Amino acid sequence: MAEENSFDIVSRIDFQEVSNAVNIALKEIRTRFDFKHSPVDIQLEKDKLILFAEDSFKLKSLREVLEQKLVKRHIPLKAVIYQKIEPGPNQTAKQEVHFQTGIPIEKAREIVKLIKQKKFRAQAAIQGDEVRVFSSKKDILQEIIAYLKAENLGIHMQFTNYR
């Protein structure tokens, strides 16, 4: 019987690195001239961030600084989901930032559909918030990984458990 090879398509975020990026961003913001004497803050909660700034213009500047620090910490910006800007306390602007953890079911179905449409000699199965791809040949799995990396699905994907 032929040996089954497989890999998983997942989406995970290292929240320790997110915490480090937030701390470095706050450190930079506290020393920048354009943020002097204005209420600016980033609150880190369990699986999301809340950005506070004086107005929407400063909030966008805060986002830029945060994005720079996230990229340096190898957090993909595709995994960052910005919510709508809302009024915050004391006439400030507030914005929630969520992180994509796990592959949404509709995107998982799209990945399986892409693999089937391309007629790879492989099977794909949705397992919760990840997709597992099986094949008898490792070369086919490598082709699938290259194909999915080239496709723009709009989500962050990692390829793990390659065996």
Side-chain angles (χ1 to χ4, degrees), residues 6-112 114-115 124 126-133 141-142 144-163:
S6 67
F7 70 89
D8 295 334
I9 305 170
V10 298
S11 178
R12 296 190 183 119
I13 298 294
D14 184 1
F15 283 102
Q16 182 60 48
E17 290 297 327
V18 171
S19 175
N20 293 341
V22 166
N23 290 335
I24 294 168
L26 283 172
K27 196 175 192 181
E28 180 179 323
I29 287 167
R30 304 263 188 262
T31 60
R32 281 184 43 170
F33 181 76
D34 56 340
F35 286 111
K36 245 186 177 89
H37 305 299
S38 66
V40 177
D41 194 21
I42 303 173
Q43 289 182 355
L44 178 64
E45 293 187 2
K46 181 183 170 204
D47 58 348
K48 67 179 179 179
L49 301 175
I50 301 175
L51 310 177
F52 293 99
E54 192 173 38
D55 53 27
S56 61
F57 177 73
K58 290 215 170 140
L59 193 64
K60 288 178 184 171
S61 298
L62 177 62
R63 275 179 46 178
E64 289 174 9
V65 171
L66 179 63
E67 286 176 356
Q68 290 171 359
K69 304 311 173 196
L70 287 172
V71 167
K72 284 185 180 178
R73 289 288 182 178
H74 304 288
I75 303 296
L77 294 182
K78 277 188 174 181
V80 179
I81 304 165
Y82 293 101
Q83 302 299 316
K84 196 175 109 184
I85 297 175
E86 302 170 354
N90 300 329
Q91 284 136 21
T92 59
K94 169 181 135 178
Q95 185 173 32
E96 286 190 12
V97 180
H98 295 270
F99 295 95
Q100 173 201 333
T101 53
I103 296 178
I105 191 72
E106 61 273 354
K107 291 294 182 178
R109 287 184 185 134
E110 187 177 342
I111 290 169
V112 171
L114 285 171
I115 292 170
I126 300 171
Q127 297 181 338
D129 61 353
E130 57 187 52
V131 178
R132 178 161 288 172
V133 181
L141 294 179
Q142 290 173 343
I144 292 171
I145 290 172
Y147 174 69
L148 290 175
K149 282 182 178 179
E151 288 292 314
N152 184 13
L153 297 174
I155 62 169
H156 167 60
M157 292 186 295
Q158 295 167 306
F159 304 97
T160 61
N161 289 340
Y162 184 79
R163 20 184 159 148

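The model shown is predicted, which means the values in this text are computed figures rather than measured ones.
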Test side-chain contact (heavy atoms from CB on, under 4.5 Å) applied to Met157 and Leu148, step by step: CA-CA 9 Å; Met157 292 186 295; Leu148 290 175; 4.3 Å; yes
Can you check whether [X] reaches [Y] side chain to side chain, under 4.5 Å on heavy atoms?
| X | Y | result |
| --- | --- | --- |
| Lys36 | Ile29 | no |
| Phe7 | Arg163 | no |
| Lys84 | Gln95 | no |
| Asp8 | Phe159 | no |
| Leu26 | Arg30 | yes |

What's the verdict on side-chain contact (heavy atoms from CB on, under 4.5 Å) for Phe99 and Val18, showing C-alpha distance, side-chain angles and the deciding distance? CA-CA 10 Å; Phe99 295 95; Val18 171; 3.7 Å; yes
Before you tell me yes or no, could you show the steps for Ile42 and Ile50 under side-chain contact (heavy atoms from CB on, under 4.5 Å), namely the whole-Å CA-CA distance, both residues' side-chain angles and the distance that decides it to 0.1 Å? CA-CA 6 Å; Ile42 303 173; Ile50 301 175; over 6 Å; no
Could you tell me the separation between the [atom1] atom of [X] and the [atom2] atom of [Y], rounded to the nearest 0.5 Å?
| X | Y | atom1 | atom2 | value |
| --- | --- | --- | --- | --- |
| Ile111 | Ile144 | CD1 | CD1 | 11.5 Å |
| Glu110 | Ile103 | CD | CD1 | 11.0 Å |
| Glu96 | Lys48 | CD | NZ | 3.5 Å |
| Glu17 | Lys72 | CD | NZ | 13.5 Å |
| Asp55 | Gln91 | CG | CD | 12.0 Å |
| His156 | Ile81 | NE2 | CD1 | 11.5 Å |

Quick check: are there more than 12 heavy atoms from other residues, nucleotides or ligands sitting under 6.0 Å from CD of Gln127? yes
So does Ile155 get a backbone contact from the side chain of Gln100, meaning a donor-acceptor N/O pair under 3.5 Å?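 The answer is no, because no donor-acceptor pair under 3.5 Å joins these two groups.
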Answer yes or no: is there a donor N or O on one side and an acceptor on the other, between the side chain of Lys107 and the main chain of Leu153, under 3.5 Å? yes
Which atom pairs, one a donor and one an acceptor, fall under 3.5 Å between side chains of residues 59-69 and the rest of the protein, sequence neighbours left out?
| residue | atom | partner | partner atom | Å |
| --- | --- | --- | --- | --- |
| Ser61 | OG | Phe57 | O | 3.4 |
| Glu67 | OE2 | Tyr82 | OH | 2.8 |
| Lys69 | NZ | Glu28 | OE1 | 2.7 |

Heavy atoms only: give me the nearest [X]-[Y] pair and the separation to one decimal.
| X | Y | value |
| --- | --- | --- |
| Ser56 | Ala93 | N-CB, 4.1 Å |
| Phe15 | Lys46 | CD2-O, 4.3 Å |
| Phe52 | Gln43 | CE1-CD, 3.5 Å |

Would you please test Leu51 and Ile85 for side-chain contact (heavy atoms from CB on, under 4.5 Å) and show each step? CA-CA 9 Å; Leu51 310 177; Ile85 297 175; over 6 Å; no
Charged N to carboxylate O below 4.0 Å: is that the case for Glu106 and Arg109? no
